[in-house]
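Reckoned from all heavy atoms, side chains included, excluding hydrogens, waters and symmetry mates. Letters go in sequence order (proteins before strands), and every chain restarts at 1.
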Amino acid sequence: MPDSQNEKLSLLIDDELDARQSLELLESLENDENLQRRLHRYQLISQTIKSEPVSVAGSDFVQRVHQQLQKEPVYFLPQYRKNADLARKAAWALAASVLLATVWFANQRDLSMLPLASVGVIAQTGLGQPGDAGLDHARFKAYLQAHDNALYANTAPIVQPYARVVGYRQQ
Amino acid sequence: MNKSIGDILTLSNRFPAFTVILCLLFFPVNDINAEAFDTTTAMQWLEKMQQAMKASSYQGTVAFMKNNSLETMKYSHHLLDGAEEERLISLNSPMREVTRHAGEVSCIYKESNEKVVNHHPIDHSLIFSLPDNLANIAAHYQFDLDGQEAIAMRMAQLLRIKPHDDLRYSRAIWIDKQHFLPLKIEVYGSKGEVLEQVVFTDIDIDVSKPDAPRIAEDGNTRVKHIHSSRAEPLENASFVLANWPSGFQPVFFIRNSIHDSEQAIDHLMLTDGLSSISVYLEASGANALKGLHSLGAVNSYSRIVANKQVTVLGEVPAKTVESVAAGVSLR
């Protein structure tokens, strides 16, 4: 699935997608079960992150929205300047995202050049940054990895979920 | 209608017993029945959950949250030829897949085309597990049922695990009412803040065959094998602990190098069955860690003892690692 479609789903949930793109996306949703399931999941994740009470839309949510939109009257009005501003902001946001992604990906490439480590090490990502804070973080991680490895490799009745080890990233 | 209500009120005033009968009929009876028939204790819920996690076939999407960051992973658990196979696949870069099959755990790291295989048998879930003998932790934690909520569109029993002191974390588990699988787990800090959260955002149960995507290996995949470290007797440790939280017991000691250097470091591990603490002792150097450091639920505290650096790290509150570190002295 194209990333742009995922991004649009996210924007739709956050109510930041413009009307034209919303309609296009809703039309796509109407015929795409995978997309509908993804929208469902994004809603749940979004609500969980925001610590909001989870209220899940029914599976016919998209159809009902679509039907409602069909009933709405259409007004041919001049285009608002606001939309142009929004598009320009979106373009800047996209450019910034690409830049961030490029920097982040470069860091990941550096990581991949490291020699093999333990399951815990390989499952974790990110490295210490230059400077004292980076060194401290690298040492903290070394202790944490030793702790996790000992936990899994040497003690049977320990209970730490492996997901925690897998999930650790640089702070 | 008004007349009927008026009649009832009149009857109630004249005959108090009538009021009592009305109350018994309408108000608390349902609640009493629910309590009377739902006698499953918190411990029984956990035991059923442990059994279900081993015996059920299920898959879904797990969101893992800590430090305000989110990681989503595809998860599946199946029985293949009588052996458990469990898999976690990261949905976002860096792409990685962790598999536990018949006790062996391996991790494939797609971007660097590497694979690590841990040959030490691991019989616990990748996402959540408890000690086999729950009675061992019952002395230090309280288990309470706390209502029901919907998680991933399934009704779940909320179960809270609270420590008897403030030296370890509280936890909450949402257990599927129908299949007894854990749908959500939270770890709480001392102020009740959520430190970590694992939650199924969707889950399919009783699936016959896993259909989650897999990371393909090729002939160029570099493989590293891990075998158990050889533990040494606890008496070999060059330090002693004056105090640690009740219920924690030393379970493992090793002298090994853990940084890039070859320097040997003493490593002692303690656990109470639900949380664990590591104590490290090494020569003090220029880059020694100092004071308190935190990462999600994990805290560490470092101090210098007679030219040696002591670091205590664990998934316990900061005051616990500080307290343990304060009690470390050289033999």
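- For B:E84, the salt bridge (Lys or Arg N to Asp or Glu O under 4.0 Å) partners at least two apart in sequence or on another chain are B:K54, B:R100.
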task: Under the side chain to side chain contact (heavy atoms under 4.5 Å, CB included) rule, what do A:F140 and B:L313 come out as? Steps first, then yes or no, please.
output: CA-CA 9 Å; A:F140 180 92; B:L313 176 147; 4.2 Å; yes
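- Contacts of B:I277 with chain A are made by backbone atoms alone, with heavy-atom separations under 4.5 Å and no side-chain atom involved.
- In this structure, the portions of B:H293 lying under 4.5 Å from any heavy atom of chain A include both its backbone and its side chain.
- Of all heavy-atom pairs between B:E315 and A:H147, the closest is OE1-NE2, 3.2 Å.
- Legend: residues meeting salt bridge (Lys or Arg N to Asp or Glu O under 4.0 Å) with B:R87, ordered by chain and number and at least two apart, are B:E85, B:E97.
- Proximity to chain A (any heavy atom under 4.5 Å) is restricted, for B:T61, to the side chain, taken from C-beta onward.
- The main-chain N or O of A:Y143 is found under 3.5 Å from a side-chain atom of B:Y280 such that the two form a donor-acceptor pair.
- For B:S302, no part lies under 4.5 angstrom from a heavy atom of chain A.
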